[in-house]
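Data first, discussion second: the structure below is written as structure tokens.
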Amino acid sequence: MLDKAYDPKPVEEKRLASWDAAKLSHSEPRDGKKPYTIVIPPPNVTGALHIGHALNNSLQDAFIRHHRMKGEEACWVPGCDHGGIATQNVMEKQLKAEKIDRHALGRDAFLERMQTWTRDCKKTILGQLHRLGSTLDWQREAFTMDEPRAQAVYHAFKTLWERGLIYRGERLVNWCVRCGTALSDIEVEREERKGHLYHIHYRQPDGSEGVVVATTRPITMFGDTAVAVNPKDKRWTHMVGKTVLIPFIDRPIPVIEDSYVEFELGTGALKVTPAHDQNDWELGERHKLAAIKAIGPDGKLTEAAGVYAGLSREKAQDQIVADLEAQGFLRKKEDHKSAVQTCYRCGSVIEPLLSLQWFVKQTELAKAPLKALDAGEFKIYPKNWEKPYRDWLVNIKDWCVSRQIWWGHRIPVWYKDGEKPLVSLESPGAGWTQDPDVLDTWFSSALWPLAVFGWPAQTKDLAYYYPTSTLVTGYEILYLWVARMQMMGHAFLDKPAFPDAVIHGIVRDKSGKKMSKSLGNVIDPLLMMDKHGTDALRFALMAQAFPGKDIAFDEQSVVGARNFVNKLWNSTRFVLMNLPETPAVYRLEARKFEVADRWILSRCQAALAKAKASMDEYDPAAAAGVLYVFLWDEFCAWYIELAKGRLTGAEGEGKDAARAVLVQVLAASLKAMHPIMPFVTEELYAAIKAYAGESAEFILRGGYQSLAGDWAAPDIEKEMGQVMAAVTSIRSLRSQLNVPPGLKIKAVVDGPFAAALLGKHKAYALLLAQLESLEPMNGGRPAQSATAVADGAVFHIPLAGIIDFAKERERLAKDLAKAESDIEKCEAKLKNLSAAATAPAEKVAEAREQRDGALARRDRLKETIAVLS
RNA sequence: GCCCAGUUGGCGCAGUGGUAGCGCGCUCCCUUGACAUGGGAGAGGUCAUAGGUUCAAAUCCUAUACUGGGCACCA
């Protein structure tokens, strides 16, 4: 006997233990069996998982379970990402708290600490994924910095190098002063900030009026190597070819012409700083200008800045503006909004800096993914992300892959005086020194779908599982990760890494704001699981995870899901209470079914089909929705109530038919729900499977099972709809006349559907409407009675002494108004349909039927009101 | 500046051509032997605005407004 309420904790612990013991989630290549493969987006080893991870992994687990249940060889590979800058930052914070200087500690000792941290962190993360019910193939755990993955990284680097797709060069890169490293273009975020536009006078060497340039960052002027004006700008024609002096340092620079310069912006004269601005860099290339660095990697001004050398960017800016003003160089200062670039890891302002870095050429690598997209060999769900993805690939720029940090794969290039650089994993010998930089963490992430299966070795796993099937991730790393996996997949194995990418939204707080520690609106998934159960959290997340849409997460949704879980629990409990203790098998074949049975079987079949199709289309929200409505509103609210008549009665064919329906519908529905809420469904299925005639130890092993036979029955559904409407109309009347729910009342019925209600549906009506008796209206309408009118049936309920006639008239008038508005709508529709030559005949018939029903209702209501008046 | 998505009852969201739905909240009634983590009955929306297509528009088209996002630019 099940407990009265579902208690998640013991069930979850028990089920996890049994799944683990059975190695339920393990996969091996199986000839002739279709593989279904997902590689986890490896969480960074920066701490614990957040609710976004809970969503991401619930979705993946649902897909994996779905395909496993469909009979495919499902494999979901677990693992973590070393997380490069993000993880190094975590460690640096720890060191800071311990007052340890990273450089004093030294690279080796630092890396040792990182390894320890990583070990603990992986354990935490994988433990949390496990608790979520994730059927990850635990024997396949990988880490982006473990030995096999390091081999993959080295091999990829070497191969790209040999193909001429990797080069080292001095370029303008995005430099994070705080993290002390270069970043790629997509690791930079932009935000609008208020600032000023300074108009600065650059005079001529003889002291005469020169040019006035406008800039938001006066500190870069020490790196100026020209002033540029538009050749068509008459205001400045007289200055072209002349020389002007940079204030304070008096370094002469030429005034040049370039059509890039726009008239309207600033003063029309542009100071050119090739070492600190991308556009200026390009301008400098065109005009063979020198690039002078005014700001160093430490964010401080360089020697080039004269007396300002050594000042931080912020201090220098204030000082220089003050001095410009004092010495008469500042002609104007206006408010100005400008977009600043910030580091996606630490948020500090990015400095475009000229430095020597490693790059991967992208244009060539982007071709195959673009072709695959056009050919439909790669699809993104939802589709609207395909355009941004395509645009990014089309406009792709070279990828800066070197990072000036310690945590990561060290660039496998060695240098020696007088020798060409050598690509090697090991030291080539004495005198060679390895490049001190490490690779962008996304370089190894890009190889993840290959590397987890042993690439570059041509393993059996790789042959079987690659390409993988589905990638599930958030849109924030579409370019950073998804696009790059595709590029690498095509580059090395000539195939896309996966044909489908499912892009889900971000979990926000209930008012739609992004969750962040600083806002204090972070929801801890573990807390949700502790409070309401894992199934409830999974259901709440997935029921709201409409493709591509963000989720406004409210704990109330988990409470609602918990209630639903409990509803499932109790409906199973009820079914079990009505089955013999010694299990007998209740199949659907050859039963004496009633309308209600055939109705729920028809509804169940439709719901299962829709749920399965939705899962195939990566839409678990739709699957969750249809099963929720079916199980709660149809199975529990109606069918179980309808079955009670037979269940409380004597043993016999009728009772067994009801039992068979209850058992089979419940079993199939629990299975359909399993990918979304695995724990409770497994537990309940285990309790009823013997009655259902099934023996698989786990739902995942047994797989989906649809109802035996074809139960689609539109006519039955319609008929049952009429019964339900009749019952609802009586209930409504009872409620409005304040008839106590427990009080059984008598009723008489009339109308075209009355015969059916008095015949085969009588038991339903008595049971669900709490009637003492239901009789035909032979002798006319009873006196002192209230009236309920449904389509096809009118009920009169004698309520001598209870009825307030004024109230009753009011109630009926309201029903009449509704009937009349229904008629109006139906008439309008009929008029429309009959006016159209193209109107489908069945639509016309349907509308006519609706209209006639409403007309009949109106007439009866009118009659009744007339009698009461 | 270009592109994409969204705008539906108090809140959060479904719904892609035929009489507006769900969850939460709200009102009234009910502890009847699955479940008060429950049941029954209600209130509450001219589906952002303006045009258009169609017999028929929340649904398709165009424009506008607002919100969010992507990309580019920003002297």
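Per chain, numbering begins at 1; letters A, B, ... match sequence-line order.
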Identity of whatever pairs with B:A65 - Watson-Crick or G-U, under 3.5 angstrom: B:U7
Under 3.5 Å donor-acceptor, A:Asn570 side chain and A:Asn566 backbone: yes
Between B:U62 and B:G10 - P atom distance, rounded Å: 30 Å
A:Trp638 CH2 to B:G39 C1', straight-line distance once rounded to whole Å: 12 Å
Sugar-phosphate only, base, or nothing, as touched by A:Asn395 at under 4.0 Å among non-hydrogen atoms: nothing
Sugar-phosphate, base or nothing in reach of A:Lys4, heavy atoms under 4.0 Å: sugar-phosphate
Spacing of A:Leu767 atom CG relative to B:G39 atom C1', expressed in whole Å: 14 Å
Sugar-phosphate, base or nothing in reach of A:Tyr260, heavy atoms under 4.0 Å: base
Whole-angstrom distance between B:C61 and B:C3, as gauged at atom P: 16 Å
Residue met sooner reading RNA chain B from 5', once A:Thr267 and A:Leu833 are mapped to nucleotides: A:Leu833
Touch class at under 4.0 angstrom, heavy-atom based, for A:Phe546 against every strand present: sugar-phosphate
Sugar-phosphate, base or nothing in reach of A:Ser732, heavy atoms under 4.0 Å: sugar-phosphate
Nearest-angstrom distance, C1' atom, B:G6 to B:U64: 16 Å
Pairing partner of B:C26 (Watson-Crick or G-U wobble, both distances under 3.5 Å): B:G42
C1' gap between B:C26 and B:U31, integer Å: 22 Å
Sugar-phosphate, base or nothing in reach of A:Gln850, heavy atoms under 4.0 Å: base
Touch class at under 4.0 angstrom, heavy-atom based, for A:Arg562 against every strand present: base
Closest to side chain of A:Gln736, choosing from B:C74, B:A5, B:G42: B:G42
Touch class at under 4.0 angstrom, heavy-atom based, for A:Ala5 against every strand present: base
Side chain A:Arg646, main chain A:Arg659, donor-acceptor under 3.5 Å: no
Span that lies between the P atom of B:U46 and that of B:C30, in whole angstrom: 33 Å
Sugar-phosphate, base or nothing in reach of A:Asp822, heavy atoms under 4.0 Å: base
A:Ala552 side-chain proximity, nearest of B:C73, B:G12, B:C30: B:G12
Touch class at under 4.0 angstrom, heavy-atom based, for A:Gln770 against every strand present: nothing
Distance flag, aromatic centroids of A:Trp385 and A:Tyr389, threshold under 6.0 Å: no
Separation of atom NZ in A:Lys513 from atom C1' in B:U67, rounded to whole Å: 14 Å
A:Asn832 side chain near B:G18 phosphate (N/O to OP1/OP2, under 4.0 Å): no
Sugar-phosphate, base or nothing in reach of A:Val575, heavy atoms under 4.0 Å: nothing
Cation-pi geometry met for A:Lys567 and A:Phe635 (6.0 Å, 45°): no
Sugar-phosphate, base or nothing in reach of A:Lys644, heavy atoms under 4.0 Å: base
Separation between the C1' atoms of B:G38 and B:G33, rounded to whole Å: 14 Å
Spacing of CD1 belonging to A:Ile523 relative to CG belonging to A:Leu537, to within rounding of 0.5 Å: 10.0 Å
Proximity to the side chain of A:Met577 - top-ranked nucleotide from B:G12, B:C29, B:G33: B:G33
Any-strand Watson-Crick or G-U partner of B:A36, both distances under 3.5 Å: none
N/O (side chain, A:Gln556) to phosphate O (OP1/OP2, B:G12) under 4.0 Å: no
Sugar-phosphate, base or nothing in reach of A:Ser821, heavy atoms under 4.0 Å: nothing
Integer angstrom distance from the P of B:G42 to that of B:A48: 28 Å
B:A20 versus B:A5 - spacing of their P atoms, nearest Å: 26 Å
Distance-only donor-acceptor test (3.5 Å): side chain A:Lys567, base B:C35: yes
Nearest-angstrom distance from the residue atom CD of A:Glu641 to C1' of B:A34: 9 Å
For B:U54, the Watson-Crick or wobble counterpart (both distances under 3.5 Å): none
A:Lys513 and A:Arg508, any side-chain heavy atoms less than 4.5 Å apart: no
Length of the CD-P vector between A:Glu262 and B:A72, whole Å: 17 Å
Candidates A:Asp280, A:Val227, A:Leu265, A:Val229 - the one meeting side chain to side chain contact (heavy atoms under 4.5 Å, CB included) with A:Leu270: A:Asp280
A:Trp632 side-chain N/O to B:G39 phosphate OP1/OP2 under 4.0 Å: yes
Nearest listed nucleotide, side chain of A:Lys397, among B:A34, B:A72, B:G18: B:A72
Proximal nucleotide (of B:C29, B:U37, B:C71) relative to the A:Asn563 side chain: B:U37
Watson-Crick or G-U wobble partner of B:A72, both distances under 3.5 Å: none
Sugar-phosphate only, base, or nothing, as touched by A:Lys549 at under 4.0 Å among non-hydrogen atoms: sugar-phosphate
A:Tyr479 side chain, from C-beta outward: closest of B:G18, B:G70, B:A34: B:G70
Nearest listed nucleotide, side chain of A:Ser571, among B:A34, B:G38, B:G70: B:A34
Residue whose closest nucleotide on RNA chain B lies nearer the 5' end, A:Thr648 versus A:Arg190: A:Thr648
Nearest-neighbour nucleotide for the A:Cys826 side chain, B:C13, B:A34, B:U19 considered: B:U19
Matching residue for A:Tyr198 among A:Val213, A:Leu324, A:Leu330, A:Ile320 - test: side chain to side chain contact (heavy atoms under 4.5 Å, CB included): A:Leu330
Distance, rounded to the nearest Å, where A:Arg811 contributes CZ and B:A41 contributes C1': 12 Å
Out of B:A20, B:G38, B:C35, whichever nucleotide has its closest atom nearest the side chain of A:Lys825: B:A20
Name of the residue among A:Thr681, A:Ile688, A:Val680, A:Val663 meeting side chain to side chain contact (heavy atoms under 4.5 Å, CB included) with A:Thr572: A:Ile688
Aromatic A:Trp638 / basic A:Arg603 pairing, under 6.0 angstrom, 45° off normal: no
Protein-nucleotide distance (A:Asp280, atom CG; B:C73, atom C1'), rounded to Å: 14 Å
Atom-to-atom span, CG of A:Leu576 to P of B:C35 - whole angstrom: 14 Å
